[in-house]
Amino acid sequence: MLSACNRLQVRHLLLTMPLVSHVKARGKLYPGTSISRQPVPDDKVAWSVPFPEYCPPSYTTPVVLQMPAWADPDYSTFANWNVTPPKYNQLDGSVERRSHTGEYMVIENIPRNPCGRTGLLGRGLLGKWGPNHAADSVVTRWKWIDGKVAKKDGKPVMQFVAIQRRDCGEWALPGGMVDPGEQIAATVKREFCEEAMNSLSLTKDERHKLQELISTIFQHGEMIYKGYVDDPRNTDNAWMETVAFNFHDETNDSIGCLPLRAGDDAKNVAWLDVDKEQALYANHSMLLQNVAHLKQAHW
Ligand code: RP5
């Protein structure tokens, strides 16, 4: 799949947005907690704009502080002064600590969110200081009604595979964290299989067959985004980034007819219409907009 990934067209890499403005990463309450972020007005998001009153609370979930395998050690407190900080802005062992947005600032060993202030210090629910890398799939097909592709405002309507997140109930693109050393193309397939096809409930044999099928039909993807994610879990010191690929089924005879079944972090899965009114998690709506634009579809 790595070679398939290399073949992915990157002509739309310009859609990469190094500095999207974050909005959801400034939501009042931090997800799953009663912790309020310090409000950050739009004109004070940029670090370059002085904000002398800026003194946000700090929060890192106890789960992260217990240091599961996917989390960095906490070295930000005096008690942990002897813990060696990660190697930022580089590949640190098998952990990717480079950002898709370019080099980020590290102040006294603590990374600084490249998209500006979020009103919260610490790592929140995120395991890694700095960028936390994910990969997403935008699986699309045309919407057919009575033997014809449906149209809205004169443009063909697309549908995409959406999962409903178990943590917040919001609809989202299937996607997840890139494991250390894992190729992004492998993450995309694995997460799609787990969340949209419930592969974790299959026997080893069935899972193997499913992975082969998905590898075949996911061969011709197109990278449609690479960059910062406006994720509600972001903080001033830890944030989500993603690489997203579009897999489009032009004739509704491959991905378009796969039997979907929610699994893992997803409590529901469905084909939803691509439409700007469809609320989605983080900035996933912007990723879909990129695809609608590329395919000249209704948005
Ligand atoms: C988003 O969070 C990414 O775009 C990806 O969809 C997701 C990864 O986090 P988990 O679903 O693994 O929590 O920022």
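Order of appearance sets the numbers: ligands from 1, and atoms from 1 within every ligand.
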- [ ] Considering only non-hydrogen protein atoms, determine which one is nearest to atom 9 (O) of ligand 1 and report residue, atom name and distance to 0.1 Å.
- [x] Arg233 NH2, 3.0 Å

Task: Close N or O approach (Arg165, ligand 1; < 3.5 Å) - done: yes

TODO: Let me know which of Asp205, Leu202, Asn198, Leu258 forms a side chain to side chain contact (heavy atoms under 4.5 Å, CB included) with Leu210.
DONE: Leu202

Open item on the list: For ligand 1, which is the ligand I care about here, please tell me if His284 has any N or O atom under 3.5 Å from one of the ligand's N or O atoms.
Closed with: yes

- [ ] Look at the aromatic rings of His284 and Tyr281 and report parallel, tilted or perpendicular, splitting at 30° and 60°.
- [x] perpendicular

TODO: Around atom 8 (C) of ligand 1, find the nearest protein heavy atom and jot down its residue, atom name and distance.
DONE: Gly176 CA, 3.7 Å

- [ ] Measure the distance from atom 3 (C) of ligand 1 to every protein heavy atom, then report the residue, atom name and distance (to 0.1 Å) of the closest one.
- [x] Asp136 OD2, 3.5 Å

TODO: Could you tell me if the ring centre of His248 sits under 6.0 Å from that of His220?
DONE: no

Open item on the list: Is the terminal nitrogen or CZ of Arg165 (NZ for Lys, CZ for Arg) located under 6.0 angstrom from the six-membered ring centre of Trp171 and within 45° of that ring's axis?
Closed with: no

Task: Glu191 touching ligand 1 at heavy-atom level, < 4.0 angstrom - done: no

Task: Audit row: Gln159, Asp273, side chain to side chain donor-acceptor pair (under 3.5 Å) steps and yes/no - done: CA-CA 4 Å; Gln159 294 186 311; Asp273 289 358; 3.0 Å; yes

TODO: Kindly say whether Leu125 contributes a backbone atom to a donor-acceptor pair with the side chain of Tyr30 at under 3.5 angstrom?
DONE: yes

- [ ] Heavy-atom contacts with Gly175 under 4.0 Å: which atoms of ligand 1 show up? List them by number with element.
- [x] 11 (O)

TODO: Would you tell me which option among Asp265, Asn283, Asp231 has the nearest heavy-atom contact to atom 14 (O) of ligand 1?
DONE: Asp231

Open item on the list: Is it the case that ligand 1 has an N or O less than 3.5 angstrom from some N or O of Tyr281?
Closed with: no

- [ ] Taking the six-membered ring of Phe218 (Phe, Tyr or Trp), confirm whether the NZ or CZ of Lys189 is under 6.0 Å from its centre and within 45° of its axis.
- [x] no

